[in-house]
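Bear in mind that the values here come from a model prediction, so they are computed numbers and not experimental data.
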Amino acid sequence: MVGITQPKNGEHVNADGVWDLLQNKGKMTVFSLCLLLCADLLDLAVGYLTVTIEPLPPVVVGETVTLKCNFKTDGRLREIVWYRVTDGGTIKQKIFTYDAMFNTNYSHMEDYRKREDLVYQSTVRLPEVRISDNGPYECHVGIYDRATREKVVLASGNVFLTVMSPPNNISVSAENCPAPFSRYQAQNFTLLCTAKGGKPAPSVYFKRDGELIEVISYIHPSAEDGGGSAGVRGARPLISRDLDDTKLQRSLSLLDPEGRPARMFTESPERRWTPGQHTQGRQQKEQPSPATEIIPETVVSREFPRWVQSTDPLYYFSHTHISQSDGSVLVQARLTWTLNPQLDNDAMFSCEVKHPALSMPMQTEVTLAAPKGPKLLMTPTRAKVGDTVRITVQGFQVGAGVPGNEVFPEPLFTWTRVGGRLLDGSAERDGKELILERVPAELNGSMYRCTAQNPLGSTDTHTRLIVFENPAMMKNTQNPNNGAPRVDVVGLIWMVLSLALTVTVELT
C-alpha cells in the first residue's frame, strides 16, 4: 500500500504522474495502479477525436447554405460522411462523402438532385435550398485506430437546418357568395383571406380604409362538427359602434322628404312621350329599328334596406392552419361582421401578411360595392326568326369611387321576362348569360330584365328584343304553295296530249 496525492483540476495524468496521483489518493492496491497504467497506454494508442458543427441561422428558400464540420484529432483521417436525417431520426441518407485514402469525394444524390459541392474536406455547400432541405444533418468523421489499421474510430456531430419560405400567393374572397340582397333583415358577412406557400405559418390581419381593425378572436368550427360558419355567425351578438357622420349624411340624402326610402317603379318601366314620337313610330314601321334597344338603368333596391341599423358591429376574427405536402402551411383567416350597406358600401378592406422571410408585409385589398347597372350585349345584333339569341353581361356601369367592371362581392345574376315567362317556360334563370333558342316572331318587342345583386344592394337593367323576318324561312313556307299550280298545269297538259293521242288512234 502506498500513499498518493490528488492532482489539481485540469491537470493531465500521464505515466510520470501516476505516483503523484497515488500519493494524493491515499492508499491504493497494486491492481488499481495497473488499471491506470493500462488506460493511459490505451489512450496513447487510440488517440482522440472530437466533432463539432456550428449552429445555422434560419435561411430563406433559394439561398445558399454551407454545412461546416469541425473536428480535432491526432490520428490519421479515414473519411468524412454527411447524412440527412429523416423520419424522426430513423432514416439516415448519405448525401456526400470524402474519402481520405484516395483523396476523392462524391455525392450520393441522383443526378437531377445533385446540388452538393465540396468546399473543403469537411465543408459542403447547398446552393438554392428548398423547403424539402429542411431538417437535421449529421457529420460523421472516421480515423484509423493507432493499435491496428483495420479498425476505424468514429465520432459525429449534428445540426438542424431551418428553411423558411415566404407566402407566394394571397387572396381575398367573400364566403357564401354569390348571395342575394336582404331587404328586410340584417345579414352577416365574412371575408376570407388565404395565404399559400408560407413556412412557417405567416401572421394575417385585416385593415379597413388603411386602419387596423380591432377584432374579437374565436375558433372557427370544422365541417366535421356540423356547425359551419353560418351557425356560429348567427349566434354572435350584434354589438356595434356609432355611425360615421359622413356616410350617415350620404345615407340620409337618399331619403324622401318624409324620411322614407325613395322608391322606383321597375316592373313596368315608364314610357314618356316626346315631340315627334308618332313620326318616329311611323318611320320604325317603314325602316326596322336596331336589333336591341337599351333601356336606361332602372334601380330595384339602390335605396337602403327597410331595416335600419344605427351602428356597425364588432369584427370577429378566426384563422386555421393546414399543412401541405411540400412542407408549407396554408393559412385561412376570416373576418366576420354584421353588414351595413349604408356604411360598408365603397369601404376598402385589405388583408396583410407578415412573415420572417419578408422585409415588408404582403397586401391585397378589395372594395365592397353594390352593382351599378350591368351592361348587356345581345348577339346576333340583328336577330331573325329562328335564330339563337344570347344576352350576356359585359360588365357594369362606372360608379363613384369604383372602377368599371369591378364589383365585390361577386353579384348574383337573375333573368326574367317582363310580363311573361321565358321561352323555355321558366319564370327566371340564373347566370351571366341568357340563351333563347330558335326565337319565334311572337317574341318581337318582348323585354327582358337582368337583376344583379349582392349583399350590398341590387339593381336591374332591361333590354328589348327585336325580331326581324327571316327571308329564308319565308321562301321555304312559300315554295309548297307555289309548286301546286305547276303540278296542276303539268297534269292538264298530260291529259290533253293523252286525249289527242286517243283520237288519232281511233281515226286510223
Side-chain angles (χ1 to χ4, degrees), residues 53-69 81-97 106-119 123-140 156-173 175 192-206 217 219-224 317-335 351-364:
I53 304 178
E54 299 177 359
L56 296 173
V59 297
V60 181
V61 170
E63 295 183 350
T64 298
V65 176
T66 300
L67 303 177
K68 189 175 182 180
C69 181
V81 182
W82 276 97
Y83 291 88
R84 182 188 172 193
V85 184
T86 58
D87 294 338
T90 58
I91 299 178
K92 294 183 179 181
Q93 180 184 15
K94 282 186 179 182
I95 62 173
F96 209 88
T97 298
Y106 48 91
S107 173
H108 296 274
M109 310 301 290
E110 296 83 355
D111 291 339
Y112 72 96
R113 296 181 58 191
K114 188 180 297 183
R115 299 180 295 114
E116 299 80 8
D117 183 24
L118 184 69
V119 179
T123 303
V124 175
R125 180 169 52 222
L126 303 177
E128 299 180 359
V129 294
R130 299 185 288 256
I131 295 181
S132 57
D133 295 324
N134 185 88
Y137 290 80
E138 289 185 0
C139 175
H140 291 227
S156 64
N158 61 79
V159 65
F160 195 94
L161 174 61
T162 301
V163 181
M164 299 187 302
S165 173
N168 53 36
N169 178 268
I170 60 173
S171 61
V172 176
S173 60
E175 277 198 338
L192 173 64
C193 179
T194 303
K196 300 178 180 179
K199 179 186 177 299
S203 58
V204 181
Y205 54 94
F206 288 90
S217 298
I219 299 177
H220 183 76
S222 61
E224 298 177 355
F317 177 83
S318 70
H319 62 86
T320 56
H321 294 175
I322 304 175
S323 299
Q324 304 298 299
S325 58
D326 61 353
S328 63
V329 180
L330 174 69
V331 179
Q332 293 181 331
R334 291 172 173 83
L335 182 70
C351 170
E352 295 192 3
V353 175
K354 284 187 176 181
H355 193 272
L358 295 174
S359 58
M360 58 185 303
M362 296 177 65
Q363 176 179 315
T364 183

- Message: Are Leu358 and Pro166 packed together at the side-chain level, in the sense that at least one heavy-atom pair is separated by less than 4.5 angstrom?
- Response: yes

- Between Ile131, Val129, Asp133, which is the residue that forms a side chain to side chain contact (heavy atoms under 4.5 Å, CB included) with Val61? Ile131

- Query: Looking at SG of Cys69 and CD of Glu54, how far apart are the two atoms once the value is rounded to the nearest 0.5 Å?
  - Reply: 10.5 Å

- After noting the C-alpha distance and the side-chain angles of Lys199 and Val329, does the key distance pass the side chain to side chain contact (heavy atoms under 4.5 Å, CB included) rule? CA-CA 6 Å; Lys199 179 186 177 299; Val329 180; 5.5 Å; no

- Query: Do you know which two heavy atoms are closest between Val60 and Ala357, and how far apart they sit?
  - Reply: CG2-CB, 4.0 Å

- Just wondering, do Leu67 and Ile53 contact through their side chains at under 4.5 Å, heavy atoms? no

- Which atom pair, heavy atoms only, marks the closest approach of Ala195 to Val353? CB-CG2, 4.2 Å

- How long is the span from the CG atom in Leu330 to the CD atom in Gln324, to the nearest 0.5 Å? 5.0 Å

- Between Val124 and Tyr137, is any pair of side-chain heavy atoms under 4.5 Å apart? no

- Message: Using every non-hydrogen atom in the two residues, find where Phe206 and Ala333 come nearest and quote the distance to one decimal.
- Response: CZ-O, 3.8 Å

- Query: Atom CG of Asp326 and atom NZ of Lys196: how far apart are they, to the nearest 0.5 Å?
  - Reply: 11.5 Å

- Query: What heavy-atom pair brings Pro200 and His355 nearest, and what distance separates the two atoms?
  - Reply: O-NE2, 2.9 Å

- Query: Less than 4.5 Å apart, any side-chain heavy atom of Leu56 and any of Val65?
  - Reply: yes

- Shortest non-hydrogen pair, Gln332 vs Ile322, comes out as OE1-CD1, 4.2 Å

- Task: Please round to the nearest 0.5 Å and tell me the distance separating atom CG of Leu335 and atom OH of Tyr205.
- Result: 14.0 Å

- Query: Is there side-chain contact between Pro202 and Val331, with heavy atoms separated by less than 4.5 Å?
  - Reply: yes

- Item | Pair Arg130-Val163, side chain to side chain contact (heavy atoms under 4.5 Å, CB included): steps then yes or no | CA-CA 7 Å; Arg130 299 185 288 256; Val163 181; over 6 Å; no

- Going by heavy atoms in the side chains, are Thr162 and Val59 under 4.5 Å from each other? no

- Note on the structure: Interatomic distance, CG@Asn134 vs CG@Leu161, rounded to 0.5 Å, equals 6.0 Å

- Does the side chain of Ser171 reach to within under 4.5 Å of the side chain of Thr364, using non-hydrogen atoms? no

- Query: Can you name the nearest heavy-atom pair linking Pro127 to Thr64, along with the distance?
  - Reply: CA-OG1, 3.7 Å

- Message: Rounded at 0.5 Å granularity, tell me how far CZ in Arg334 sits from CZ in Phe317.
- Response: 10.5 Å

